[in-house]
Amino acid sequence: ELGNYPSLLTNYKNYNNALKFADKNYKEKLEHYNDKALNSQAYLYNLANTFINDKKYDEAKSALIKLGDYKDSKALLNKIDKLMIIEKKYQNAIWYKERSVEYKYANDTYRMLENIENAMNLFKELGDYKDSKSQIVYCKKIIDDNTKIENEKSLKVLLVIIVVTIIAVLSFIFSSK
């Protein structure tokens, strides 16, 4: 059973006591079990780091939890939690961006711009994460293009109002003579 134990045996008082009172052969056997556990932990630790590098955070977390206090496992768990939060924020930003396209095709400019602004704000919070900077440029372009279009529409409406007002005033002037 000791040979399959997943954590270091030197962390346990009874193991250390057994080492103190064991004869040479039994002591070697106990140390072998501890070495086996150490190798098992080293393997699991390396595997967890591989998972982190591959962005397989759930798998890495599972391996690190099994390691307990081994090396910097707890610090890596905290790092993974932060990375998972950042990745979730990135996914939310992408969701808002994709949602804005749906509103664009539905001709709902207000909701489209609202979603693209939400996406842009999340990308800004993410800084250099993945392609956030290029996503910000994309979002700004969409906002700028739509602001220009809305300004042109407003200008056209204003011109129509001015023309109608002039026609009405001229009609009033010529009808009163």
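Residue numbers run from 1 in the order of the sequence given. Hydrogens, waters and symmetry mates are skipped; everything else that's a heavy atom, side chains included, is used.
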Going by side-chain hydrogen bond (donor to acceptor under 3.5 Å, both in side chains), name the residues that satisfy it together with [X], two or more places apart in sequence or in a different chain.
X: Asp58; value: none
X: Lys79; value: none
X: Lys141; value: Asp145

For [X], give me all partners under side-chain contact (heavy atoms from CB on, under 4.5 Å), at least two apart in sequence or on another chain.
X: Glu31; result: Tyr15, Leu19, Lys27
X: Glu59; result: Phe51, Lys56
X: Lys97; result: Ile116, Ala119, Gln135, Tyr138

Looking at residues at least two apart in the chain, or sitting in another chain, which of them share a ring-ring contact (aromatic ring centres under 6.0 Å, His included) with Tyr96?
->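 With neighbours one apart ignored, the set is empty.
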Tyr129: partners by ring-ring contact (aromatic ring centres under 6.0 Å, His included), with sequence neighbours left out =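 Partners of Tyr129 by the ring-ring contact (aromatic ring centres under 6.0 Å, His included) criterion, ordered by chain and then number, come out as Tyr90.
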Atom pair [atom1] ([X]) and [atom2] ([Y]), whose distance is rounded to the nearest 0.5 Å:
X: Leu77; Y: Tyr57; atom1: CG; atom2: OH; result: 13.5 Å
X: Ile166; Y: Ile161; atom1: CD1; atom2: CD1; result: 12.0 Å
X: Lys130; Y: Ile94; atom1: NZ; atom2: CD1; result: 8.5 Å
X: Glu28; Y: Leu30; atom1: CD; atom2: CG; result: 10.5 Å
X: Thr147; Y: Ile142; atom1: OG1; atom2: CD1; result: 11.0 Å
X: Lys55; Y: Leu83; atom1: NZ; atom2: CG; result: 8.0 Å

Of all the heavy-atom pairs spanning Ile143 and Leu113, show the shortest one and how long it is.
->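 Looks like CA-CD2, 4.0 Å.
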For Lys61 and Asp81, which heavy atoms make the closest approach, and how far apart are they?
->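 Heavy atoms only, the tightest pair is NZ-OD1, 2.8 Å.
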Going through the checks in order, is the side-chain contact (heavy atoms from CB on, under 4.5 Å) test met by Arg99 and Trp95?
-> CA-CA 6 Å; Arg99 185 84 176 164; Trp95 182 86; 3.9 Å; yes
Heavy-atom side-chain proximity of [X] to [Y] below 4.5 angstrom:
X: Asn49; Y: Leu76; value: yes
X: Lys104; Y: Ser100; value: no
X: Met84; Y: Glu87; value: no

Is it true that Val137 and Leu122 fall in one hydrophobic cluster, defined by side-chain heavy atoms closer than 4.5 Å?
->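 No; tracing contacts between hydrophobic side chains, which count when under 4.5 Å, never links both residues.
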Is Val101 linked to Met112 within one hydrophobic cluster, defined over Ile, Leu, Val, Met, Phe, Trp and Tyr using a side-chain heavy-atom separation of less than 4.5 Å?
->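 Val101 and Met112: separate clusters.
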Main-chain N/O of Asp69 paired with Ser73 side-chain donor or acceptor, under 3.5 Å =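 Not at all, since once roles are kept as given, no pair shorter than 3.5 Å links the two residues.
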Please list, chain by chain and in numerical order, all residues satisfying salt bridge (Lys or Arg N to Asp or Glu O under 4.0 Å) with Asp23, sequence neighbours excluded.
->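 Checked Asp23 against salt bridge (Lys or Arg N to Asp or Glu O under 4.0 Å); zero matches.
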Residues which pass salt bridge (Lys or Arg N to Asp or Glu O under 4.0 Å) with Lys133, listed by chain and number, not counting sequence neighbours =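 Testing Lys133 for salt bridge (Lys or Arg N to Asp or Glu O under 4.0 Å), a comparison that skips the adjacent residues, returns Asp128.
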Keeping to residues at least two apart or across chains, list the side-chain hydrogen bond (donor to acceptor under 3.5 Å, both in side chains) pairs with something in residues 117-127.
->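 Applying side-chain hydrogen bond (donor to acceptor under 3.5 Å, both in side chains) to every pair that reaches into residues 117-127, excluding sequence neighbours, yields Lys89-Glu125.
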What residues join Val160 in its hydrophobic cluster, counting side-chain heavy atom gaps under 4.5 Å, either direct or through other members?
->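 Val164, which link up through side-chain heavy atoms under 4.5 Å apart, make up the rest of the cluster.
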Stepwise side-chain contact (heavy atoms from CB on, under 4.5 Å) check, Leu64 with Leu44 = CA-CA 8 Å; Leu64 290 167; Leu44 201 54; over 6 Å; no
Salt bridge (Lys or Arg N to Asp or Glu O under 4.0 Å) between Glu114 and Arg111, intermediate numbers included = CA-CA 5 Å; Glu114 181 180 53; Arg111 286 199 174 108; 5.1 Å; no
